[in-house]
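A short worksheet on the structure shown next.
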Amino acid sequence: MTGTTTRPGRSHVATDVALVATFAAFIAVCAQFALPSVNGVEFSLQPFAVLLCGAVLGARRGFLAVVLYLALGAAGLPVFVQGASGAGQFVGATGGYLLTFPLVALAAGLAAQWFRGPRRPVAIVIGGAIGIVLNWLAGALSVSLVANLPYSTAAKTLAVFLPADFVKLVIAAAVATAVHRAFPQLLGRR
């Protein structure tokens, strides 16, 4: 047999790496759009980007994109909200949020992969909602510990973010659904 041989899966790996890197950069950009903070936690587009990563890329690539984003921030690149960086962010008021972001992307990504057609947007909203609640609970815990507040007080104070996060989730589900309609092979086969 003559001619060149190609390595199976090589182009898929390159595509995966490009998508993961692009979405990690997308999260970093969205994190820069923030409003003033409540107990050290800013309202930003960062959760929207995390949800969109999972919903568009699927569980594995969405999870990896968020982990890459977190690794870049931990390494000192100013990619967190309002240009913050460093490993200290993981033990600050926003630590619970940051540490659970990969799980948020994972939940939205699993829902996007498991359901097709008209059920997919609803599934993304349900999967993303599970991720948001987990993220909020962990975020309230980190704020409680850092601000020396009772957990219930921190949770009540931070509940102000939940309605906006659910709006971001619905928008992310709509965008992801449109992307999958345009690029049906993006998630690959189940």
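Scope of the values below: all heavy atoms of this structure, side chains included, with no hydrogens, waters or symmetry mates.
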Could you tell me whether the side chain of [Y] reaches within less than 4.5 Å of the side chain of [X], counting heavy atoms only?
| X | Y | answer |
| --- | --- | --- |
| Leu137 | Thr100 | no |
| Ile27 | Cys53 | yes |
| His12 | Thr15 | no |
| Ile132 | Leu162 | yes |
| Leu187 | Arg120 | yes |
| Leu70 | Phe90 | yes |
| Phe23 | Leu57 | yes |

Check: Judged by atom type as modelled, is there a donor-acceptor pair below 3.5 Å linking the side chain of Gln89 to the main-chain atoms of Gly73?
Finding: no
Examine [X] and [Y] and state if one hydrophobic cluster contains both, with Ile, Leu, Val, Met, Phe, Trp and Tyr joined whenever side-chain heavy atoms are less than 4.5 Å apart.
| X | Y | answer |
| --- | --- | --- |
| Leu98 | Val133 | yes |
| Val175 | Phe166 | no |
| Leu51 | Val125 | yes |
| Leu186 | Phe26 | yes |
| Val81 | Phe48 | no |

Next item on the list: Show your reasoning for whether side-chain contact (heavy atoms from CB on, under 4.5 Å) applies to Val50 and Lys168.
Entry: CA-CA 10 Å; Val50 169; Lys168 293 173 200 173; over 6 Å; no
I need the minimum non-hydrogen distance between [X] and [Y], along with the two atoms involved.
| X | Y | answer |
| --- | --- | --- |
| Ile124 | Ala55 | CG2-CB, 3.8 Å |
| Ala176 | Leu52 | N-CD1, 4.1 Å |
| Ser144 | Leu149 | OG-O, 2.6 Å |
| Ala74 | Phe80 | N-CZ, 3.9 Å |
| Gly96 | Asn135 | O-ND2, 4.3 Å |
| Tyr97 | Leu158 | OH-CD1, 3.4 Å |

From [X] atom [atom1] to [Y] atom [atom2], the distance as rounded to the nearest 0.5 Å:
| X | Y | atom1 | atom2 | answer |
| --- | --- | --- | --- | --- |
| Trp136 | Leu134 | CH2 | CG | 11.5 Å |
| Leu110 | Leu103 | CG | CG | 10.5 Å |
| Leu64 | Leu19 | CG | CG | 11.5 Å |

